[in-house]
Participant: 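Handing you a structure now.
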Amino acid sequence: LLGKSYTFPDGHTITVLQIKMREDSATQTTIPFVTFTIKIGPGIPKKEVMSEHDFVANYGHLFGIKDPPTNPVR
């Protein structure tokens, strides 16, 4: 996913900037979080961060990923 981008038919884009391991406060485990931008038209991109599991569940189909990964336990 890192560095990949998807452009919608209307010109909007979603680009993955970074994947970083962070501690999930709810489960006290370290899981990957995805930092990505969403750009709508000629505007300034909006940066967002979500867990890799949630990112793949919401946007994975755009990048050819069908199933969210299971959260690793470390």
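Quick caveat: nothing in here was measured; it's all calculated off a predicted structure. Along the sequence shown, residues are numbered consecutively beginning with 1.
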Participant: Kindly indicate, with the supporting measurements, whether the criterion side-chain contact (heavy atoms from CB on, under 4.5 Å) is fulfilled by I38 and T13.
Facilitator: CA-CA 6 Å; I38 296 177; T13 60; over 6 Å; no
Participant: Tell me if a side-chain donor or acceptor on D54 pairs with a main-chain N or O of M50 at a distance below 3.5 Å.
Facilitator: no
Participant: For residues 2-10, please give each side-chain donor-acceptor pair under 3.5 Å, one per line with the distance, not counting sequence neighbours.
Facilitator:
residue : atom : partner : partner atom : Å
S5      : OG   : I14     : O            : 3.4
S5      : OG   : T15     : OG1          : 3.1
D10     : OD1  : H12     : N            : 3.2
D10     : OD2  : H12     : NE2          : 3.2

Participant: With the side chain counted from C-beta on, respond yes when Y59 and F36 share a heavy-atom pair under 4.5 Å apart, and no when they do not.
Facilitator: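 When only atoms from C-beta onward are counted, F36 and Y59 do touch, with a gap below 4.5 Å.
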Participant: Which atom names give the shortest non-hydrogen contact between V49 and R22, and what distance separates them?
Facilitator: CG1-NH1, 3.7 Å
Participant: By side chain to side chain contact (heavy atoms under 4.5 Å, CB included), which residues pair with Q18, not counting sequence neighbours?
Facilitator: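 Only K20, T35 meet the side chain to side chain contact (heavy atoms under 4.5 Å, CB included) criterion with Q18.
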Participant: What salt bridge (charged side-chain N to carboxylate O under 4.0 Å, His left out) pairs are there with at least one residue in residues 31-46, not counting sequence neighbours?
Facilitator: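 Listed once each, the pairs are K46-E48.
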Participant: Please check if V16 and V56 belong to a single hydrophobic cluster, counting links between Ile, Leu, Val, Met, Phe, Trp and Tyr side chain heavy atoms closer than 4.5 Å.
Facilitator: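 Yes, V16 and V56 fall within the same hydrophobic cluster.
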Participant: Would you mind reporting whether L1 and I19 have side-chain heavy atoms less than 4.5 Å apart?
Facilitator: yes
